[in-house]
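Below is one structure, written out as structure tokens, with a few remarks after it.
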Amino acid sequence: MTAATATREGRAPVVEEPMSAKVLRVLGRAPIHVLLVVVGLLWLVPTLGLLITSLIAPENFADGGWWRVFTQPSLLTFENYQSLWDTQAIRDSLLTTVWISIGGTLLPILVAALAGYAFAWLDFPGRDWLFIGVVALLVVPLQMALIPIFTLYNKVGIFDTIVSLILFHTAFGLPFAIFLLRNFFIGIPKELLEAARIDGASEIRIFLRLILPLGLPAIASLAIFQFLWTWNDLLVALTFGRETQPITVAIFSQLRQFGSNIELIAPASFVSLVIPLAVFFAFQRYFVQGLLAGSVK
Amino acid sequence: MWSRYGVAFLFLLPAIIFLGVWVIYPAIYTFFRSFFGQSGFDNFVGIDNYKALFTSDLLVTAIKNNAIWVAVVPAFVTAVGLIFAVLTERVSWSVAFKTAVFMPMAISAFAAGVIWRIMDQQDPNLGAINASIAVVKDAINPPGVLSDAKPSSDNLQGTPSGGITLQNPVQPGDVAKLGLTGIPPTEVPSSAVQAVMPEPLQGGINGVVWRDFKPGGGNPNEVEQDELGLPDVDLALFDSNGDQVATTTSADDGTFSFDGLEQGNYRVGIAASTFSTPFEGVAWLGEKLITPSLLIAYIWIWAGFSMVVIAAGLAAISRETLEAARTDGANEWQVFRRVTVPQLLPVLSVVFVTMLINVLKVFDIVVSLAPGSVQDDANVIALAMWRTSFGGANNFGLGSAIAVFLFILVIPILLLNVRNFRREA
């Protein structure tokens, strides 16, 4: 088959472009390619700077910028990571972050899936108004809750616990989560649900066996969002924690002496961002899907 | 009846409890709390807290700064995202570009602050931004060999910043002696060698610029043993009208030469560029530039979000309308301006409004990027709320008022959202 007759997906044959025109076209677009390469690299530089800074031994910090390693690769060392790992407080705070993120991801998904199913497929008076009300809560700044919940946690005695942080994250994740899941669930074919109901399946059974599996793509998007949101949180943990310090708060407490603590701040910051980054790269598709679904609010 | 709606109620119950206890009840509590003083509900103060919002310097700064954020960030992020989305539309490797630009979205705003704090360091040897500026600036205006010096005799007059000029006129065949003192040994260029008194030059002016100082004294204005020549000094020759007619630089032994001169009176001077100081770095994290630095870092984070959402909108635009416009003779810019952008308007407004909400609540990045000493200058509403309530002052009354103020600012956006939502539903 020659190039001129090659057709893709049954489209009309493409008339072959003369070589000269092709060269001109590519050359004409060259500035765009160059611009994109430069901008793309510029976008990566700051993060690269953190990574390299985290790999420079403390005694070499003051001598010059991190870009020296391109000419002096021998400056690179894992020393900072070693001493970071040897710091009990940092290990503890990483573990705290992990627990908060797991709880703060699973609990809101469960609660939101239940509510999302009710809003999508169960009939009750005022359903749509109630749903609009929930969506409206999306915009309530969490600053509105900090003071009363601070007081409440102290009264109930769960201040400064991982559970108290998870509960707060759950509540403030719910409006978006319910919105996202309800809109996804409502797209599940009605026939499937009706068939299950005729077969006498209970609502909870339908929810567990039908809705959750079919809703998995939306749940995955949501899980990534909740995970990133809770993992990256500073404000909530700073307010409701003292000893319970996730990694962001642990770094925050070192910021006062930025210059002298950089050998701890840089690797700790990089560790704190490498996990969300891995999650993001692994599940980029779901992340973007969730973003687009959420943006149409 | 109960059995019919009871199931729905049970499914909703956990969500109702969470939203009721953690969102709705606190919102109401905070609203009422804002009318009471620091000590609690026994101390009704009316709208005093709200008055403080607009009179206390700290809070006024926070509101002003947040206004700058609102004015700059949503527009910039939307525009940058639009440009990136359009540029990458027909580029085969756009995924790589998009990934690079989108990546900061996965990073916490807090960590992004740390990242930019490393970028923004003032010392050009440490901060990448100032290092880049230094490269450009040194190429245009290279630093001089000396930072400071004084004339060693009354024949020389002037200051480093304005240039140092020999007072008595010289004529071709004369030798110009420019002795300098007040130069620390560490600042003498390493290539300097013993100064040499040059021979007179027929039809030209020879001269020497040297460090007119030797340990243990020596005679001023005389080139002596152990006195070093000053290399790379910029010298200028002026005619009797004061116009500059020639320039040169000195050799390692301090000698220099202007040749091919017509008869007449000249003056020789050391140009101010000899003393131009190296670039000391822009204080990105200082009180003046901290907010612009924060805005740059924030746009760096969010440009990817904007780009991805707008790219999705771009992909959904009907090709027919674009083709029709092109067939009608519209050029690419007209197609973009008159066909693409109007169809993208809903998506652009989504990005803009999302950024508006984000910017009003900005907190983490200010905490991590702004050093403690400039946090008053970098203050924003959410940070002021936190610092007032939990950062030492512990004034829950004023803190509540700030939170309510923040809430009031987002209510118009909330109404907009609800309206859009109902229109879609």
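Not measured: the values here are computed from a predicted model. Excluded from the calculations below are hydrogen atoms, water molecules and symmetry mates; all remaining heavy atoms, backbone and side chain alike, are included. Below, chains carry the letters A, B, ... as their sequence lines are ordered, and counting in each starts from 1.
Heavy-atom distances place the side chain of A:T151, and not its backbone, under 4.5 Å from chain B. With a 4.5 Å cut-off on non-hydrogen atoms, A:I204 touches chain B through its backbone and its side chain both. Using a 4.5 Å cut-off between heavy atoms, A:L114 touches chain B through backbone and side chain atoms alike. Heavy-atom distances place the backbone of A:F61, and not its side chain, under 4.5 Å from chain B. For chain B, no part of A:V279 is nearby; none of its heavy atoms comes within less than 4.5 Å. Neither the backbone nor the side chain of A:L48 comes within contact range of chain B; no heavy atom of the residue lies under 4.5 Å from a heavy atom of that chain. Heavy-atom distances place the side chain of A:Y153, and not its backbone, under 4.5 Å from chain B. If you measure heavy-atom distances from A:L167 to chain B, the contacts under 4.5 Å come from both the backbone and the side chain. Both the backbone and the side chain of A:F168 come within contact range of chain B, with heavy atoms under 4.5 Å apart. Using a 4.5 Å cut-off between heavy atoms, A:L41 makes no contact with chain B at all.
Only one option out of B:Y29, B:W386, B:F390 pairs with A:F150 in a ring pair (Phe, Tyr, Trp, His ring centres under 6.0 Å); it is B:F390.
Interatomic distance, CG of A:L146 versus CE of B:M385, reported as 5.0 Å (0.5 Å rounding). One distance of note links CD of A:Q143 with CD1 of B:I381; it measures 10.0 Å at 0.5 Å rounding. Taking CG of B:L12 as the start and CZ of A:F119 as the end, the distance is 5.0 Å to the nearest 0.5 Å. Rounding to the nearest 0.5 Å places CD1 of A:I149 at 8.5 Å from OG1 of B:T30. One distance of note links CE of B:M105 with CG of A:L228; it measures 8.5 Å at 0.5 Å rounding. Considering CZ of B:F363 and CG of A:L234, their distance stands at 5.5 Å, rounded to 0.5 Å.
In this structure, the side chains of B:S368 and A:L255 come closer than 4.5 Å at one or more pairs of heavy atoms. Side-chain contact between B:V367 and A:L235 is absent, with no heavy atoms from C-beta onward closer than 4.5 Å. Considering only heavy atoms from C-beta on, A:L44 comes within 4.5 Å of B:M103 through its side chain. The side-chain heavy atoms of B:S108 and A:W231, taken from C-beta on, include no pair separated by under 4.5 Å.
For the set A:I251, A:V111, A:L130, the count of heavy-atom pairs under 4.5 angstrom toward chain B peaks at A:V111. Ranked by non-hydrogen atom pairs under 4.5 Å with chain A, the options B:A112, B:S400, B:A297, B:G372 are led by B:S400. Counting heavy-atom pairs closer than 4.5 Å to chain A, the top-ranked of the candidates B:P346, B:A128, B:A111 is B:A128. Highest contact tally toward chain B, considering only A:I32, A:T248, A:V45, A:D233, is held by A:T248 [criterion: heavy-atom pairs under 4.5 Å]. Of all the listed residues (B:P371, B:G127, B:G313, B:P124), the one sharing the greatest number of non-hydrogen pairs under 4.5 Å with chain A is B:G127.
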Margin query: Using side chain to side chain contact (heavy atoms under 4.5 Å, CB included), reason through A:L142 and B:K361 one step at a time and then give a plain yes or no.
Written below: CA-CA 9 Å; A:L142 57 79; B:K361 298 195 276 193; over 6 Å; no
Item checked: A:V39 and B:F97: CA distance, side-chain angles, deciding distance, side chain to side chain contact (heavy atoms under 4.5 Å, CB included) verdict -> CA-CA 8 Å; A:V39 172; B:F97 177 83; 3.9 Å; yes
Margin query: What verdict does the side chain to side chain contact (heavy atoms under 4.5 Å, CB included) test give for B:V21 and A:L152, after you've listed the backbone C-alpha separation in whole Å, the side-chain angles of each residue and the deciding distance to 0.1 Å?
Written below: CA-CA 10 Å; B:V21 174; A:L152 182 76; 4.3 Å; yes
Margin query: For a side chain to side chain contact (heavy atoms under 4.5 Å, CB included) check, start with the C-alpha distance between A:L273 and B:V114, then their side-chain angles and the critical distance, and finish with the verdict.
Written below: CA-CA 11 Å; A:L273 68 78; B:V114 174; over 6 Å; no
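Aromatic ring pairs are classed by plane angle as parallel below 30°, tilted from 30° to 60° and perpendicular above 60°; the pair A:F252 and B:F110 is tilted.
Within a 6.0 Å radius of CZ in A:R197, other residues, nucleotides and ligands contribute more than 12 heavy atoms. Around CZ of B:F32, the count of heavy atoms belonging to other residues, nucleotides or ligands within 6.0 Å does not exceed 12.
Here A:W43 and B:F84 bring their ring centres to under 6.0 angstrom of each other.
Among all heavy-atom pairs drawn from A:A118 and B:A8, the shortest one is CB-O, 4.1 Å.
In this structure a side-chain-to-backbone donor-acceptor pair under 3.5 Å is present from A:N232 to B:A106.
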